[in-house]
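Naming: A, B, ... by sequence-line order, numbering from 1 per chain. Below, each value reflects all heavy atoms present in this structure, side chains not excepted, and no hydrogens, waters or symmetry copies.
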Amino acid sequence: MKCSIPKGTRDFLPAEMARRNYIFDTIREVFKTFAFEPIETPSLENLSTLMGKYGEEGDKLLFKVLNSGNFMENVDFSQDYHKVAPKICERGLRYDLTVPFARFVVQHRDQLTLPFRRYQLQPVWRADRPQKGRYREFYQCDADMIGSTSLLNELELVQMIDAVFAKLDVAVTVKINNRNVLAGLADHIGAPDKLVDITVAIDKLDKIGLDNVRAELSERGLTNEQISALDPVFALSGSANEKLEQLAALFANNEMGTKGVNELKELFGYIDLVKPKCQVELDLTLARGLNYYTGAIFEVKAQGVSIGSICGGGRYDNLTGIFGMPDISGVGISFGADRIYDVLTELDKFPANLGQPARALFINFGSESLPYAISCAAKLRGENISTLIYPDNAKMKKQMDYANKCHVPFVFFVGENEIAAQTLTVKNMATGEQCTVTINEVVALLKA
RNA sequence: GUGGGCGUAGUUCAGCUGGUUAGAGCGCCAGAUUGUGGAUCUGGAGGUCGUGGGUUCGAGCCCCACCUCCCACCCCA
């Protein structure tokens, strides 16, 4: 039988796991530093929890799970599949970590103290067609704060992004926008109902150019007058604060737009104070498709790597409301671990010493010398030094080869000579140097 | 979901206009005086040519379908 795994999923070899864990550990460390607490939620959610939260496209990309048992019972299969699907699939795999988190907050509200900050590192699934940097199963690393509308939260998210990518040594650009500004814009040109169409089209500006954006806006049902009314927005120039001043003037009589501008002004004011290492910019074309965002929206791109965004997020004012707990605002970000992996690979930014399973390997000289090797190995392990005894009395070359391939830095020879003298002969595999020492000297050497 | 490309030993690839027993490098295994690796040399194993149909006297090569992976669109981490 030929074996395989489903399209868009992957196995991870030890060497890959070492690099992946380096990413997860780095992100987790930063989350903890900012006082976030971990939670986990199930892979499966009730489909009713997930449906309708990600827009039309999102619903299509949800993996739905067929009911157990006789799922055909009492179902009229002659009707449209859109109607049949919810009857035979009551559960689905989670699409992101934010919606399940909103559900979690509502469900456990009695046990949570607001404002609540949680982090969550778990896989999500999307029935998308796989591509570069796009998988059907991938990990998101989310940090969200819920129960506070303070823009200090937004600032801290930017600081966390800055900290993570500084640690990973990746140059990134953080793009920030605000849904209220986009809504204000739609309002400004007299097409408040076209908000989604406007944002989707505008979002492609740097990819397809202004003319094509105009064409797409036209296709999406905007009049030429409405489209030209957007021109002042495309013409904005200068620093973030300068753009915001120009925008404020444009929104003089626009409540929604003014709210967005004021929020952005406050946030950029905070950001100026903390002076992040990464590049932070106001990008009025940033839209983000997830339609539960209501305030700030973020997106992070690695400089010099074309792989899409590696981190994204925003504020959602009423996600918990859908589950029966209104007026709770939350804001959060999600790091895409798999894309970050691809970026680090492309940039060759992984530390060289990852994936070293053992610090020490004992050559097996056969049963006579085994008791001594076992006790020496136990001593090293007791000192938290990862140690291996070669399991078989194989040829020396084979054992040395093995040490080489596994990148074991120190190989130990404990045969009859060493046993007689109660010493160990240790070889540094990188330099080839070899010396005979006592077990205590070994511990000091390997811990160094 | 739409469009395009790829698929030959473990791996990276070769394979001429369809024509006998499908090749190479790397890797693997075994040797080169049985307590010393990364070098070299010698020998060896290993392929239902992605899967299933079809065309043909004959198919790795041509045609069709399916699958995988990759690329673009859509959308997104």
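A:T294 and A:R315 are not linked by any side-chain donor-acceptor pair at a separation below 3.5 angstrom, with hydrogens and angles left out of the test.
One can find a donor-acceptor pair under 3.5 Å joining the base of B:rA77 and the side-chain atoms of A:R126. With hydrogens and angles ignored, a donor-acceptor pair under 3.5 angstrom links the side chain of A:Q434 to the base of B:rU36. Put simply, the side chain of A:K427 and the base of B:rG37 share a donor and an acceptor less than 3.5 Å apart.
Looking at the side chain of A:D401, the nearest of the listed nucleotides B:rU36, B:rC69, B:rG38 is B:rG38. Of the candidates B:rA30, B:rG35, B:rC71, the closest approach to any side-chain atom of A:K398 belongs to B:rA30. Residue A:R134 places its side chain closer to B:rC76 than to any other of B:rC76, B:rC71, B:rG37.
Nucleic acid contact class of A:G133 (heavy atoms, under 4.0 Å, all strands): base. Heavy atoms of A:Q399 sit nowhere under 4.0 angstrom from any nucleic acid atom. Among the heavy atoms of the strands lying under 4.0 Å from A:G8 are primed sugar atoms or P, OP1, OP2 only; no base atom is included. Residue-level contact check: A:N404 touches the bases, meaning some heavy atom is under 4.0 Å from a base atom. At a threshold of 4.0 angstrom between heavy atoms, the contacts of A:C141 with the nucleic acid are absent. Among the protein residues, A:Q140 comes within range of the sugar-phosphate backbone only, with heavy atoms under 4.0 Å from sugar or phosphate atoms but none that close to a base.
Nucleotide B:rG46 has no partner under the Watson-Crick or G-U criteria, as no pair reaches both atom distances under 3.5 Å. Shown here, B:rG38 forms no base pair; nothing in the strands shown gives a Watson-Crick or G-U wobble contact with both key distances under 3.5 Å. When both pairing distances are held under 3.5 Å, B:rG3 makes a Watson-Crick or G-U pair with B:rC71. In this structure, B:rU33 makes no Watson-Crick or G-U wobble pair, since no nucleotide meets both defining distances under 3.5 angstrom.
Summarising the geometry, the separation between NZ on A:K397 and P on B:rG31 is reported as 11 Å, rounded to the nearest angstrom. Rounded to whole Å, atom P of B:rG4 lies 11 Å from atom CZ of A:R129. To the nearest angstrom, P of B:rG37 lies 15 Å from CG of A:N428.
Residues A:V414 and A:P130 each lie close to RNA chain B; by heavy-atom proximity, the contact nearer the 5' end of the strand is made by A:V414.
Atom CD1 of A:I363 sits about 9.0 Å away from atom OH of A:Y390, to the nearest 0.5 Å.
Listed for the A:E299 side chain is no donor-acceptor partner under 3.5 Å among the backbone atoms of A:L286.
Closest heavy-atom contact between A:T438 and A:E441: N-OE1, 2.8 Å.
Residues passing the side chain to side chain donor-acceptor pair (under 3.5 Å) test with A:K87, sequence neighbours excluded: none.
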